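In what follows, a structure is listed as structure tokens, so that the remarks can point back to it.
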Amino acid sequence: MLSIRNLSKTYANGVKALVDVSLDIPNGMFGLLGPNGAGKSSLMRTIATLQEPDQGSIHFGGLDVLKEKDALRRQLGYLPQDFGVYPKVTALDLLDHFATLKGLTVRKERKETVEALLRQVNLWEARHQKLGTFSGGMRQRFGIAQALIGDPKLLIVDEPTAGLDPEERNRFLNLLAEIGEQVVVILSTHIVEDVTDLCQRMAVISKGRLLFTGEPGEALEAMQNRVWRRRVAKAELAEHQARHMVLSTRLVGGQPEIHVYSETQPEAGFEAVTPGLEDVYFLQLRRAVA
Ligand code: ADP
């Protein structure tokens, strides 16, 4: 279990990236959802001991993370948002290099670890390929392989599915789900479906503040019978936005369809829909600005 208490961080330029965030993250897959600039990376980097908060504490098992940084790092796997690879090196060679850096200095043991990881992330066949030839999905799976060196108990992956095509994304999420059975996995994302598909627990953050934490199912339950849908004319959109709590607008066959949050039917023409996690997410964001 990871316990975060009253974490705050203001950058030198005055941006409040984290504002009094408290959060408990148990074993399994945890989705940290928020728009760009919400503070997700700041939180991930702080947990990964790569930057200091101004205030607050983080405990992982018996460890005081902010005081026992080296001990945390030995249990940590981290896939940063901007994970870069050397394009001219093969997957096998670079993973071997990372394993050496992580302290696997015994050759036989390192070889076994590297080979097992390449198989686990389904890159065995591609092990002699240069990383520069990898697709986005292959690169991210390589990123997971390097994060898993040394059997981490805490795995942090920051926006890993951005830019992946649907098939690569599925493959990647399935891989994470398998890993999530044994360790704490924190997945930060701005893509609602990543959380819907994968996470037993979630949090929503925006502008550095925690807006919601709990089980996706609970959040959906709380919105039952409160989400309404209607096709509207483009010219009426602004009027609806002024009159109702519009959660989202999307085009269906070129015509706007709005989702509205309301305890009762807003007016004739609206039909009730089964809420999706996207509705939960947009309601939290709307409430935060209200
Ligand atoms: P997210 O990962 O959710 O996109 P970030 O944690 O990267 O959010 O950023 C949160 C806010 O802090 C943003 O407004 C961002 O511009 C700002 N920020 C991030 N890193 C720094 C930094 N090193 N110095 C100043 N501002 C930063």
Side-chain angles (χ1 to χ4, degrees), residues 2-25 29-58 60 65-66 69 72-73 76-84 136 139-140 143-144 146-147 154-164 169 172-173 176 180 184-199 201-214 216 219 247-248 277-290:
L2 185 73
S3 298
I4 297 164
R5 289 291 171 272
N6 309 105
L7 213 59
S8 292
K9 173 74 181 179
T10 304
Y11 288 113
N13 60 1
V15 172
K16 290 187 167 155
L18 297 170
V19 184
D20 202 25
V21 171
S22 295
L23 198 55
D24 285 324
I25 303 182
M29 292 285 315
F30 189 92
L32 182 68
L33 189 59
N36 286 329
K40 302 185 295 298
S41 290
S42 299
L43 182 57
M44 306 283 93
R45 286 198 303 264
T46 308
I47 299 169
T49 74
L50 298 173
Q51 68 178 53
E52 294 277 341
D54 300 330
Q55 269 174 41
S57 67
I58 307 175
F60 180 59
V65 171
L66 300 174
K69 292 195 175 68
L72 187 275
R73 286 173 193 160
L76 172 75
Y78 180 49
L79 177 57
Q81 193 169 3
D82 48 5
F83 178 65
R139 251 196 323 270
Q140 289 301 62
I144 288 293
Q146 66 78 28
L154 172 63
L155 181 66
I156 295 178
V157 285
D158 197 354
E159 296 267 2
T161 60
L164 299 191
R169 179 179 159 271
F172 185 83
L173 293 182
L176 275 190
V184 177
V185 180
I186 309 176
L187 164 73
S188 103
T189 183
H190 65 277
I191 303 169
V192 178
E193 288 81 20
D194 285 352
V195 177
T196 317
D197 296 354
L198 207 61
C199 298
R201 294 185 68 81
M202 64 178 287
V204 176
I205 69 167
S206 174
K207 301 202 176 89
R209 290 171 199 274
L210 181 76
L211 304 181
F212 168 83
T213 180
L247 299 174
S248 61
L277 207 51
E278 202 159 74
D279 296 311
V280 172
Y281 178 51
F282 286 126
L283 178 64
Q284 300 298 338
L285 296 185
R286 279 293 308 259
R287 280 186 172 155
V289 295

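Both ligands and their constituent atoms are indexed starting at 1 by order of listing. We're numbering straight along the sequence, starting at 1. Bear in mind that the values here come from a model prediction, so they are computed numbers and not experimental data.
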Do [X] and [Y] have a side chain donor and acceptor closer than 3.5 Å?
{"X": "Gln81", "Y": "Ser41", "answer": "yes"}
{"X": "Arg201", "Y": "Thr213", "answer": "no"}
{"X": "Gln51", "Y": "Tyr11", "answer": "yes"}

Provide the number and element of each atom of ligand 1 under 4.0 Å from a heavy atom of [X].
{"X": "Asn36", "answer": "4 (O)"}
{"X": "Ala38", "answer": "1 (P), 3 (O), 8 (O)"}
{"X": "Arg45", "answer": "20 (N)"}

Practice task
Enter the distance from Ile58:CD1 to Ser3:OG here, rounded to the nearest 0.5 Å.
Solution key: 10.0 Å

Problem - Gap separating the SG atom of Cys199 from the CG atom of Leu33, nearest 0.5 angstrom - result: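 It is 9.0 Å, given to the nearest 0.5 Å.
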
Closest protein heavy atom to [atom], given as residue, atom name and distance to 0.1 Å:
{"atom": "atom 23 (N) of ligand 1", "answer": "Tyr11 CE2, 3.8 Å"}
{"atom": "atom 13 (C) of ligand 1", "answer": "Gly37 O, 3.8 Å"}
{"atom": "atom 12 (O) of ligand 1", "answer": "Val15 CG1, 3.4 Å"}
{"atom": "atom 6 (O) of ligand 1", "answer": "Ser42 OG, 2.6 Å"}
{"atom": "atom 25 (C) of ligand 1", "answer": "Asn13 ND2, 3.2 Å"}
{"atom": "atom 8 (O) of ligand 1", "answer": "Gly39 N, 3.0 Å"}
{"atom": "atom 7 (O) of ligand 1", "answer": "Ser41 CB, 3.6 Å"}

Practice task
Kindly determine whether Arg209 and Ile205 satisfy side-chain contact (heavy atoms from CB on, under 4.5 Å), including the steps that lead there.
Solution key: CA-CA 5 Å; Arg209 290 171 199 274; Ile205 69 167; over 6 Å; no

Problem - Lys9 and Asp20 ion-paired at < 4.0 Å - result: no

Problem - Residues Glu52 and Arg45 bridged, charged N to O under 4.0 Å - result: no

Practice task
Please state which part of Pro35 comes within less than 4.0 Å of ligand 1, counting heavy atoms only: side chain, backbone, both or neither.
Solution key: backbone

Practice task
Report yes if the side chains of Thr10 and Leu18 come closer than 4.5 Å at any heavy-atom pair, otherwise no.
Solution key: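 With C-beta onward as the side chain, the pair stays apart.
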
Practice task
Taking the side chain as every heavy atom from C-beta outward, state whether Asp24 and Leu2 have any atom pair closer than 4.5 Å.
Solution key: no

Is it true that [X] lies under 4.0 Å from ligand 1, counting heavy atoms only?
{"X": "Ala12", "answer": "no"}
{"X": "Gly34", "answer": "no"}
{"X": "Met44", "answer": "no"}

Problem - Heavy-atom protein contact below 4.0 Å for atom 15 (C) of ligand 1 - result: no

